There are 2 protein chains.
Amino acid sequence: MPKLIDHEHRREEIAEAVWRVILREGVGAVSVRTVAAEANLAVGSVRHVFPSKKELLEFSMALVHARARERVVRHTGLHDPRELAEAILHELLPLDSTRRAEMELEVAIIAETPAHPGLRAIQEEAHRGVRAACHGVLRHLLDRGRVHPDADLDAETLRLHALLDGLALHALTSEGAPEAVAERTTGVLRAHLDSLRPPA
Amino acid sequence: MPKLIDHEHRREEIAEAVWRVILREGVGAVSVRTVAAEANLAVGSVRHVFPSKKELLEFSMALVHARARERVVRHTGLHDPRELAEAILHELLPLDSTRRAEMELEVAIIAETPAHPGLRAIQEEAHRGVRAACHGVLRHLLDRGRVHPDADLDAETLRLHALLDGLALHALTSEGAPEAVAERTTGVLRAHLDSLRPPA
DNA sequence: ATCACAGTAGCACAGTCGTGCTAACATGGA
DNA sequence: TCCATGTTAGCACGACTGTGCTACTGTGAT
């Protein structure tokens with residue numbers, strides 16, 4: 001038997017190279033050659049693991065969502081419902097460079113769907129995941145009396161989800177120091193959750 | 001004097017060809033050649049008006065915003081504050097094919113900024129415009145007693161703006177019949193404006 | 001020591017890209 | 001009628017693209 005390579009690990013290394021290229025030069029700069037150079041591999045090696053560009057791109061984008069999902073579930077043990085809510089929702093906002101990169105990649109995915117229809121399903125699955133997270137957070141808050149009992153849970157889920165993604169988009173495109181942007185973003189989210197509380 | 005061409009008109013025709021290419025095949029498919037073909041012009045004619053691809057792309061994207069702005073200001077005469085608010089905000093949501101196309105182009109602009117830094121300023125100007133529209137709408141509602149007088153106008157502006165763009169993003173990516181999506185989107189917005197009203 | 005074969009390296013092909021450039025064309029003022 | 005010139009048309013260049021393909025390398029089980 002010849003030398004064996006951990007395929008999954010290699011695929012993730014290459015996907016991360018794809019990410020770096022997109023963040024630095026945009027999706028348009030992603031090519032088998034640029035990615036191979038970024039990963040310090042020969043083109044042949046990349047194509048050995050990803051036979052076509054389509055698979056390269058789809059795997060890289062799906063991995064973005066997988067990583068985010070991992071981070072979110074890591075918070076599910078928190079007890080205080082408000083703490084849990086903010087921890088989970090903050091994972092889905094571009095508050096540091098890692099999460100910011102994820103959001104930039106998310107936009108790139110959406111923008112690329114006309115050219116790569118295979119990305120649509122990947123994007124939709126992530127969309128449903130975030131929606132479910134919003135629903136879960138609100139349900140938890142409602143059950144613990146932190147949300148007005150007359151609230152329409154489904155409607156509030158739509159509103160929170162839209163607010164969350166809108167804040168994410170704005171944090172991505174707005175100018176200013178990262179800390180100031182993060183502070184403003186979390187402030188809006190905090191105020192929104194406050195506005196859902198039952199009267200004291 | 002030889003044949004004269006209305007340059008401004010020609011530029012808009014070409015920009016609309018750029019839009020069609022982006023919507024059908026993605027930003028990556030925009031090239032001097034594909035755009036010339038889409039506009040039924042020779043490459044030379046396109047390059048006569050837009051000497052480089054950079055200018056072609058930047059003008060096309062700026063025109064997206066100009067068109068949207070035109071539509072928004074057309075509503076400024078409305079009397080009822082709530083009617084005015086919804087009319088303006090609806091112009092900024094992808095509720096029909098025209099506005100949907102605009103939102104797709106908006107995402108393409110954001111995704112292209114790493115590759116074309118000149119688009120950043122264009123995007124930021126549009127961002128400030130929408131923010132100002134949200135502020136104006138809320139100020140108007142507040143002055144007419146349709147918003148709780150204790151409300152923090154600046155904070156509510158940030159929240160409404162994020163909600164609006166989040167709803168726009170979701171209307172863009174969500175599956176389902178366009179009418180159903182539009183109904184759900186406007187419903188969330190209506191509920192949000194209701195939640196800002198002073199107690200009866 | 002041998003050798004099957006996973007992994008690496010890279011050439012070749014046909015196609016597209018942006019841009020510099022020249023040449024033809026057509027038209028309105030003289 | 002004639003010509004200056006705005007407009008159109010398109011060739012040429014070097015660079016880049018995705019993919020098919022072959023040749024080489026190194027390793028670990030036999």
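Residue numbers begin at 1 in each chain, while the letters A, B, ... track the order of the sequences. As the structure is a computational prediction, the values presented were derived from the model and not from experiment.
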Colleague: Does a side-chain N or O from Arg10(B) land closer than 4.0 Å to OP1 or OP2 of dG6(D), or not?
Modeller: no
Colleague: State which of dA9(C), dG7(C), dT8(D) makes the closest approach to the side chain of His7(A).
Modeller: dG7(C)
Colleague: Donor-acceptor pair, distance only, cut-off 3.5 Å: does the side chain of Arg99(B) make one with the backbone of His90(B)?
Modeller: yes
Colleague: For Arg131(B) and His135(B), test the side chains for any donor-to-acceptor distance below 3.5 angstrom and give the result as yes or no.
Modeller: no
Colleague: Whole Å only: how far is the CD1 atom of Ile5(A) from the C1' atom of dT27(D)?
Modeller: 12 Å
Colleague: Asp6(B) has an atom CG; how far is it from atom C1' of dT7(D), in whole Å?
Modeller: 14 Å
Colleague: Check nucleotides 15-18 of chain C against the protein and report each pair of N or O atoms closer than 3.5 Å, with its distance, or say if there are none.
Modeller:
{"unit_1": "dC17(C)", "atom_1": "OP1", "unit_2": "Ser31(B)", "atom_2": "OG", "d": "2.9"}
{"unit_1": "dG18(C)", "atom_1": "OP1", "unit_2": "Lys53(B)", "atom_2": "NZ", "d": "3.2"}
{"unit_1": "dG18(C)", "atom_1": "OP2", "unit_2": "Val32(B)", "atom_2": "N", "d": "3.0"}
{"unit_1": "dG18(C)", "atom_1": "N7", "unit_2": "Arg33(B)", "atom_2": "NH2", "d": "2.3"}
{"unit_1": "dG18(C)", "atom_1": "O6", "unit_2": "Arg33(B)", "atom_2": "NH2", "d": "2.9"}

Colleague: Return the set of residues passing side chain to side chain contact (heavy atoms under 4.5 Å, CB included) with Ala87(A) (not counting sequence neighbours), or none when no residue passes.
Modeller: His75(A), Leu78(A)
Colleague: How many Å lie between CG on Asn40(B) and C1' on dT8(D), as a whole number?
Modeller: 14 Å
Colleague: Rounding to an integer number of Å, can you tell me how far Arg47(A) CZ sits from dA9(C) P?
Modeller: 15 Å
Colleague: Quick one: do the His7(A) and Arg11(A) side chains pair a donor with an acceptor below 3.5 Å?
Modeller: no
Colleague: With respect to the phosphate group of dT7(D), does any side-chain polar atom (N or O) of His48(B) fall under 4.0 Å of OP1 or OP2?
Modeller: yes
Colleague: Could you walk me through whether Val49(B) and Ile5(B) pass the side-chain contact (heavy atoms from CB on, under 4.5 Å) check?
Modeller: CA-CA 10 Å; Val49(B) 180; Ile5(B) 280 283; over 6 Å; no
Colleague: Do other residues, nucleotides or ligands put more than 12 heavy atoms under 6.0 Å from the CZ atom of Arg69(B)?
Modeller: no
Colleague: Leu41(B) has an atom CG; how far is it from atom C1' of dG6(D), in whole Å?
Modeller: 15 Å
